[in-house]
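Report on one structure; see the data block that follows.
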Amino acid sequence: MTATKRRAAAPAIPPLRPPELRAAVGLAGIVALRTLGLFLIMPVFAIYAGELAGATPLGIGLAIGAYGLTQALLQIPFGVLSDRIGRKPMIYAGLVLFALGSVLAALAESIELVIIGRAIQGSGAIAAVVMALTADLTREAVRVRAMAGIGVSVGLTFAISLVLAPTLAHWIGLSGLFWLTGAFAVAGMLILALVVPDPQRSVVHGDLEPVPGQLWGVLRQPDLLRLDLSAFLLHMVMTSLFLVLPLALVAAGLASAHHWQVYLPVVLVALASMVPLILFAERPGRAKPVLVGAVAALGATLLGLLFWHASLFALGAWLVVLFTLFHLLEAILPSLVAKRVPAGVKGTAMGVYTMFQFSGVFAGGLFGGWLYQAHGQDGVLLACAVAALLWLAIVASLRGPAGDAAAAAGAGPT
């Protein structure tokens, strides 16, 4: 069959209908605003938190990572409740909690109140609910595109936050950033009310949302656990680094308001660099070598940062590699999880994976802050490099997906 005939025989990809497009755009916007609100604080908090009463490196780390603990604990309960009382009510509840936490942090004059505010921000754990509502509002034929739009919005907000946060913090201060995140929550509620359609009915989507009865079947799979630990360690390392990287840029002679001058080119180069790596990783048999190589490269990069970070050039070079690896790993790890479970269990597997992600954020803030307080910047960087070596040992024994998929099928939809 010629290429022309193959193209002619291929089924046409249906377009999103207007209500589906509204749902996809609206929900992506809600997730982007909420995620941007969480991320905006990270590139600048270590610099500006000294203005708060009682601020210590440990307290600063807890303030950065506190949202991860409540996000990890409440994500699955939010999803279960949305099956019972409705998707939109739970999203409204999550956005209200996010707004309340933002206001508390904006008004706070002590590090303890900021920690509480950040924990309340994270308690509005709506990620699984948004995915379930997306499934309720779209046909199966177009659902992947709608989900991809939400995923892209999350990735872009991390890059945008790195570029915008330094300038915004200089203009409006730390308190102003928290007021802005509160405004994002209000904007999200307006989008939910005015843009996102109401679902005609809601059903449990085992391929998209966690099912409590499947949790044990997912947790007992060794290779899935290796990937979950990978998510934990990746986010632990990255959160810890945001305790030291902003201060390292200042020490290298770049005022905090101008950090975007490093972050902008770094983000652009990193995003461009990771695309061919992701395409290569998607080839049959390439995912594990790419994963192992990326973890090894991350360890080497962290050691490089430890021994050579005095100049802006050195920091910029290491940051390009660091963020390229971060975006690469953020893309391939969920893909590896999804390939190891049958369709009806994917939602639970991804829910567990996300719990480990956010637990890593909290652990990075807690242990990174403690390490910085006890051993300074070099202590944090050395510990992150050791964590990467431990991670390398974990993924080196990763097997192919076939065994896990068969075993996880025993968890089956309940």
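- With sequence neighbours excluded, the residues forming a side chain to side chain donor-acceptor pair (under 3.5 Å) with Arg226 are Asp223, Ser397, listed by chain and number.
- Inter-residue side-chain proximity for Val244 and Leu305 is flagged as unmet; no heavy-atom pair is nearer than 4.5 Å.
- Two residues are said to be in side-chain contact when any heavy atoms from C-beta on lie closer than 4.5 Å; Leu315 and Leu254 fail this criterion.
- Residues meeting the ring pair (Phe, Tyr, Trp, His ring centres under 6.0 Å) test with Phe39, sequence neighbours left out: Phe158.
- Two residues are said to be in side-chain contact when any heavy atoms from C-beta on lie closer than 4.5 Å; Val80 and Arg84 meet this criterion.
- Using a 4.5 Å cut-off on side-chain heavy atoms (C-beta onward), Tyr353 and Val218 make no contact.
- You'll find the side chain of Val103 reaches within 4.5 Å of the side chain of Trp179, heavy atoms only.
- The one candidate from Leu190, Leu95, Ile150 that meets the side-chain contact (heavy atoms from CB on, under 4.5 Å) condition with Ile30 is Leu95.
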Would you give me the side-chain donor-acceptor pairs under 3.5 Å for residues 58-76, sequence neighbours excluded?
| unit_1 | atom_1 | unit_2 | atom_2 | d |
| --- | --- | --- | --- | --- |
| Thr70 | OG1 | Tyr67 | O | 3.3 |
| Thr70 | OG1 | Ala119 | O | 2.7 |
| Thr70 | OG1 | Ser123 | N | 3.3 |
| Gln71 | OE1 | Arg34 | NH2 | 2.7 |
| Gln75 | NE2 | Gly351 | O | 3.2 |

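- Atom OG of Ser256 is separated from atom CD1 of Ile47 by 5.0 Å, given to the nearest 0.5 angstrom.
- For Lys88, the salt bridge (charged side-chain N to carboxylate O under 4.0 Å, His left out) partners at least two apart in sequence or on another chain are Asp198.
- A heavy-atom distance below 4.5 Å is not found between the side chains of Val352 and Leu224.
- Put simply, the residue from Leu33, Leu38, Val31 that forms a side-chain contact (heavy atoms from CB on, under 4.5 Å) with Thr35 is Val31.
- Between His259 and Tyr263, the ring planes are perpendicular. Angles over 60° get that label, and only those under 30° would be called parallel.
- Here the CZ atom belonging to Phe356 is positioned 6.5 Å from the CG atom belonging to Leu219, to the nearest 0.5 angstrom.
- How far CG of Leu174 is from CG of Leu168: 12.0 Å, rounded to the nearest 0.5 Å.
- Contact record, Val262 with Leu312: CG2-CD2, 4.4 Å, taken as the closest heavy-atom pair.
- A search for side chain to side chain donor-acceptor pair (under 3.5 Å) contacts involving His235 returns Glu330, not counting sequence neighbours.
- Within the model, atoms CG of Leu381 and NE2 of His309 stand 6.5 Å from one another, a figure rounded to the nearest 0.5 Å.
- Contact of the Leu100 side chain with the Leu104 side chain is not registered, since no non-hydrogen atoms from C-beta on lie closer than 4.5 Å.
- The side chain to side chain donor-acceptor pair (under 3.5 Å) search around Glu20 returns Arg139, not counting sequence neighbours.
- Using a 4.5 Å cut-off on side-chain heavy atoms (C-beta onward), Arg340 and Leu227 make contact.
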